[in-house]
Amino acid sequence: MDAKTEKSNLIEGATGAWEIVIGLEVHAQVSSEAKLFSGASTVFGGDPNSHVSLVDAAMPGMLPVINEGCIAQAIRTGLGLKAQINLRSVFDRKNYFYPDLPQGYQISQFKDPIVGEGEVIVDLLGGERVIVGIERLHLEQDAGKSLHDQHPKYSFVDLNRSGVALMEIVSRPDMRSSEQARAYVSKLRTILRYLGTCDGNMEEGSLRADVNVSVRRPGEELGTRCEIKNVNSIRFIGQSIEYEARRQIEILEDGGKIDQQTRLFDAKTGETRAMRSKEEAHDYRYFPDPDLLPLELSQEFVDEIAEDLPELPDEKRARFIADYGLTPYDADVLVAERESVDYFEAVAKGRDAKQAANWVINELFGRLNKEGVNVVDSPVRADQLGSIVDLIKANTISGKIAKDVFDIVWTEGGDPAEIVEARGLKQVTDTGAIENAVDEVIAANPEKVEQAKEKPAMIGWFVGQVMKATQGKASPQAVNELLKAKLGV
Ligand code: ADP
Ligand code: MG
């Protein structure tokens with residue numbers, strides 16, 4: 001980060017500048033059919049308590065059995081975060097009473113997590129790049145859900161989520177603005193989706209973050225932090241940081257001290273409020289779960305997963321810039337979502353990638369955004385957009401007609417080549433026909449011809465007239481050449 005961007009991240013208080021420091025603990029639900037220690041389904045939205053095994057309900061005598069698929073997913077994620085994979089890790093019991101956690105403890109990893117240090121490269125709009133350190137990734141069980149709104153006197157519990165595998169991904173306190181934190185979570189989500197290890201669906205709670213915020217004078221030691229629990233949208237993460245930083249600055253500027261607290265974000269007011277302070281913090285009495293042996297992995301198991309890793313967004317971005325000559329901005333737009341990049345690569349395959357990128361970004365994404373449609377539901381499929389690009393390349397249609405064809409495919413569907421044929425949209429490259437149109441326009445506008453001789457830029461007006469006369473089907477290049485010759489400009 002250069003001095004200039006560093007400076008722009010400071011907040012000006014009444015008594016001088018402050019720097020925000022942010023570290024995130026992201027909980028990502030592992031994409032897996034079964035739970036971490038039982039065979040019960042993880043499908044979202046089932047009837048309450050329809051996906052609960054005896055293990056998840058913590059019936060006496062039940063024993064957890066580790067799900068190898070979840071282990072592989074955690075390793076895959078670790079590799080995607082360029083992190084250290086620990087061949088030996090340990091599952092611990094984290095003891096606390098929670099009404100929707102029937103075991104009375106959560107099985108988690110404490111001292112020996114499955115994944116150690118890694119990093120995430122975050123590129124912001126405007127070219128700023130931040131490298132956020134990953135401290136660790138560990139596996140743990142999710143809890144169930146208490147329902148307090150079903151009955152006037154009783155609370156109910158839904159244990160469908162109980163025992164679902166979560167990856168807790170802990171960042172270093174490397175972020176300095178709410179924008180950086182939002183971009184980090186987006187990037188992390190993109191990586192997880194490319195890897196297929198978490199669907200990243202924040203509305204369904206598959207990805208949520210504990211947001212740690214502190215403030216300090218630039219260059220000073222880290223300040224006391226507050227942790228905002230369970231923030232479940234990227235926008236809320238940004239809002240909670242903005243609010244929390246200002247709250248802390250106000251206290252410090254008034255001569256007060258920050259009390260290390262756990263806080264909650266209220267989406268309705270955009271404020272955070274205290275939940276518990278450090279003095280009331282739990283003592284979890286972690287100890288190794290006696291029901292589970294330490295997890296010992298072979299290097300071959302890890303290597304096999306590494307070989308199977310897909311190309312990740314950073315590598316794709318670099319390749320698009322180096323091999324396709326795309327701008328960093330265009331490359332960022334394309335790699336941001338796995339579905340977008342899959343679509344683009346299907347269009348670009350065997351074609352001019354730069355032209356494909358232009359069509360995908362400007363026409364397709366433009367239209368999808370405008371109409372609020374997701375790329376996977378695009379009415380224009382990649383093969384159809386590919387044929388449109390082919391038709392332009394072959395000079396069968398002009399870029400302008402191509403937009404009309406795109407519009408027809410969007411609303412009516414169909415094969416672009418057939419549409420062009422059936423509706424007579426083919427570009428006229430026959431110079432005889434174009435020449436007739438050019439001659440007619442010249443003959444009808446003698447005074448403009450005189451003006452054009454003085455002002456060669458007038459040729460644009462003539463091109464427009466000829467295109468109009470040919471219903472846009474004349475090859476603009478041919479029209480230009482003929483006009484130049486005939487007008488002598
Ligand atoms: P704990 O285990 O008590 O939650 P950690 O030291 O593991 O505490 O830190 C948890 C998270 O808080 C990490 O993401 C870390 O980057 C972040 N963090 C630690 N210190 C600070 C600080 N002073 N300001 C902001 N974030 C911090
Ligand atoms: Mg914590």
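Reckoned from all heavy atoms, side chains included, excluding hydrogens, waters and symmetry mates. All residue numbers in this chain count up from 1 along the given sequence. Ligands are counted one by one from 1 in listed order, and the atoms in each one are counted from 1 as well.
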Fill in the blank from the handout: Among Arg225, Glu227, Glu221, closest by heavy atom to atom 5 (P) of ligand 1 is Arg225
Handout entry: Shortest heavy-atom approach to atom 26 (N) of ligand 1 - which of Thr262, Ile134, Asn212
Key = Asn212
Problem - Whether Phe406 and Trp359 hold their rings parallel, tilted or perpendicular, with breakpoints at 30° and 60° - result: tilted
Problem - Check: Val170 N/O within less than 3.5 Å of ligand 1 N/O - result: no
Practice task
Give the numbers and elements of all ligand 1 atoms closer than 4.0 Å to a heavy atom of Pro173.
Solution key: 16 (O), 26 (N), 27 (C)
Practice task
Any atoms of ligand 1 less than 4.0 Å from a non-hydrogen atom of Leu222? List them with their elements.
Solution key: 23 (N)
Practice task
Could you walk me through whether Asp142 and Arg161 pass salt bridge (charged side-chain N to carboxylate O under 4.0 Å, His left out), step by step?
Solution key: CA-CA 6 Å; Asp142 203 352; Arg161 288 193 80 104; 2.9 Å; yes
Exercise for the section: Would you check whether Gly223 has a nitrogen or oxygen atom less than 3.5 angstrom from a nitrogen or oxygen atom of ligand 1? Expected result: yes
Problem - ligand 1 atoms in contact with Leu24 (distance to a heavy atom under 4.0 Å) - result: 14 (O)
Problem - ligand 1 atoms in contact with Ser171 (distance to a heavy atom under 4.0 Å) - result: 13 (C), 14 (O), 15 (C), 16 (O)
Problem - Axial cation check for Trp18 ring with Arg216, 6.0 Å and 45° limits - result: no
Practice task
Test Phe344 against Phe320 for ring-ring contact (aromatic ring centres under 6.0 Å, His included), laying out the working first.
Solution key: CA-CA 11 Å; Phe344 163 67; Phe320 290 176; 5.1 Å; yes
Problem - Numbered atoms and elements of ligand 1 in range of Arg172, under 4.0 angstrom, heavy atoms - result: 16 (O)
Exercise for the section: Answer yes if the side chains of His138 and Glu140 hold a donor-acceptor pair under 3.5 Å, and no otherwise. Expected result: yes
Problem - Separation of Glu68 CD from Ile71 CD1 (nearest 0.5 Å) - result: 8.5 Å
Exercise for the section: State which residue, out of Arg225, Lys229, Arg263, fulfils the salt bridge (Lys or Arg N to Asp or Glu O under 4.0 Å) condition with Glu244. Expected result: Arg263
